[in-house]
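It should be emphasised that the depicted structure is a prediction, and the values quoted were computed from it without experimental measurement. Any value given below was found using the heavy atoms of this structure, including those in side chains, with hydrogens, waters and symmetry copies removed. Just so it is clear: chains get the letters A, B, ... in the order the sequence lines come, proteins before strands, and each one is counted from 1.
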Protein chains: 2
Amino acid sequence: MRYAPEHNEVTRDRILDAAGRLFQEHGIDAMGLAKVMAEADLTVGTFYTHFKSKEALVREVMVRSIQARHEAFTRALRDGHLEGVARTYLSPSHRDAPATGCPAAALTSEVARRPRTTRQAFAANMEPTLDAFAECISKRRGKKASRADASAVFGLLAGTLQLARATPNREESDAILEAGVRAALLLAK
Amino acid sequence: MRYAPEHNEVTRDRILDAAGRLFQEHGIDAMGLAKVMAEADLTVGTFYTHFKSKEALVREVMVRSIQARHEAFTRALRDGHLEGVARTYLSPSHRDAPATGCPAAALTSEVARRPRTTRQAFAANMEPTLDAFAECISKRRGKKASRADASAVFGLLAGTLQLARATPNREESDAILEAGVRAALLLAK
DNA sequence: ATTATCTATAGATCTATAGATAATGC
DNA sequence: ATTATCTATAGATCTATAGATAATGC
């Protein structure tokens with residue numbers, strides 16, 4: 001159709017957005033390409049003019065979601081406000097909205113089972129976020145924290161959010177979130 | 001066939017073991033019943049004489065795996081040896097053997113997306129383990145730690161293990177594990 | 001004229017069921 | 001005689017491809 005020059009890219013973005021939401025809410029393996037394309041108001045046939053394979057989509061979605069989250073993290077982490085980040089991350093509203101929430105909390109254990117290229121894309125794109133956490137922790141502690149140290153704090157946030165999501169009783173789940181905030185601040189002291 | 005009275009139960013156990021390994025290694029949605037039954041040296045047809053549905057299998061496998069892990073945890077946690085538990089949990093060999101490792105690290109984010117009955121089975125069966133952690137932390141701190149406090153420590157362990165599994169570079173992954181151990185001990189102080 | 005979209009389909013796999021087969025305690 | 005197992009199959013869905021259709025810049 002020789003569409004407008006930006007048309008292709010706009011559609012691609014719509015597919016990536018749809019896949020990002022559906023993968024995080026229902027898991028990668030649970031969402032077929034037909035459902036992803038329907039969420040983007042398209043049919044399956046069009047998928048392969050935009051992506052080489054489902055795994056290529058998974059990689060791109062992950063990178064994109066991680067980068068989008070990075071923006072949010074760095075905005076919040078500026079000036080060393082780790083407390084605010086922890087409170088927002090471990091909030092009931094984040095727990096209850098996995099589709100638009102942190103991709104690491106939703107997908108890390110699935111990423112671990114994906115092909116090496118996908119894991120590399122994940123790890124490489126998490127580095128800026130982990131470095132931002134490390135810098136923030138360093139400031140609080142008054143001594144250098146490594147990226148690995150930041151991974152432990154981030155692991156606490158993501159792991160605790162997952163436990164809260166898997167806990168059906170609301171009060172118990174809320175209590176897990178609150179204990180997670182206290183723990184995160186203790187850790188970064 | 002009017003088999004030996006214990007025959008049915010033995011076979012059921014074999015299916016549960018097979019499913020436990022395959023679910024933890026490849027994810028629940030990635031493993032079809034045909035593959036699970038083949039791993040147990042059976043064919044698909046037999047599945048429904050043992051379980052009502054795949055979801056019923058998922059619930060039973062989870063309960064069983066969590067209980068098996070609980071044994072290991074309580075043995076190790078006795079006498080307040082949190083350091084040993086953290087070192088074993090965040091060891092390269094645990095990272096590299098998800099099939100036989102902690103079910104929570106492998107499956108919590110998937111459990112969060114399962115039906116409420118499955119999440120209830122998960123949460124209820126995690127309680128003894130979390131209480132054992134809470135008791136151990138209480139001893140170390142010299143003041144009462146709640147189950148939610150234990151969830152934060154456990155969330156740190158599971159979340160950090162997941163990050164280490166998703167990190168393809170070995171040195172970086174090892175560093176994450178080590179930082180996780182330090183963080184766990186710091187948290188429980 | 002170009003190309004993103006559509007419909008249709010291949011071939012594999014998924015969960016679940018039906019009915020035949022085979023193993024063994026009475 | 002009982003029942004766990006098998007083979008076979010239904011019907012839905014999965015990833016991926018082929019070829020027709022339609023939209024728009026030249």
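Pair check for D:dA4 finds C:dT21; Watson-Crick or G-U wobble, both atom distances under 3.5 Å.
Proximity of B:Thr11 to the phosphate of D:dA4: no side-chain N or O atom is located under 4.0 Å from OP1 or OP2. When the side-chain nitrogen and oxygen atoms of B:Thr49 are compared with OP1 and OP2 of D:dA4, none of them lie within a distance under 4.0 Å. Look at B:Thr46 and you'll find a side-chain N or O under 4.0 angstrom from OP1 or OP2 of D:dC6. The phosphate of C:dC6 has OP1 or OP2 within less than 4.0 Å of a side-chain N or O from A:Thr43. An OP1 or OP2 oxygen of C:dT5 is reached within less than 4.0 angstrom by a side-chain nitrogen or oxygen of A:His7.
The distance between atom CZ of A:Arg14 and atom P of C:dA4, rounded to the nearest whole Å, is 14 Å. When the C1' atom of D:dA22 is taken as reference, atom CG of A:Leu42 falls 15 Å away, rounded to whole Å. Distance, B:Ile15 CD1 to D:dT5 C1': 11 Å, rounded to whole Å.
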Going by atom type alone, with no hydrogens or angles, which donor-acceptor pairs under 3.5 Å involve a side-chain atom of residues 177-189 of chain B and a protein atom two or more places apart or on another chain?
residue: B:Arg182; atom: NH2; partner: A:Asp149; partner atom: OD1; Å: 2.9

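A perpendicular orientation is assigned to the rings of A:Phe73 and A:Phe154, their planes being inclined by more than 60° (bins at 30° and 60°).
Put simply, the side chain of B:Ser138 gets close to the backbone of B:Ala134: a donor and an acceptor are under 3.5 Å apart.
Salt bridge annotation for A:Asp17-A:Arg12: absent, with no cationic side-chain nitrogen under 4.0 angstrom from a carboxylate oxygen. We find that B:Asp29 and B:Arg113 are not joined by a salt bridge, their nearest charged nitrogen and carboxylate oxygen being 4.0 Å or further apart. By the 4.0 Å N-to-carboxylate-O rule, B:Glu39 lies too far from B:Arg14 to be salt-bridged with it.
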5' to 3', nucleotides 8-16 of chain D under a 4.0 Å protein heavy-atom cut-off (B base, S sugar-phosphate only, - none) gives ------SSB
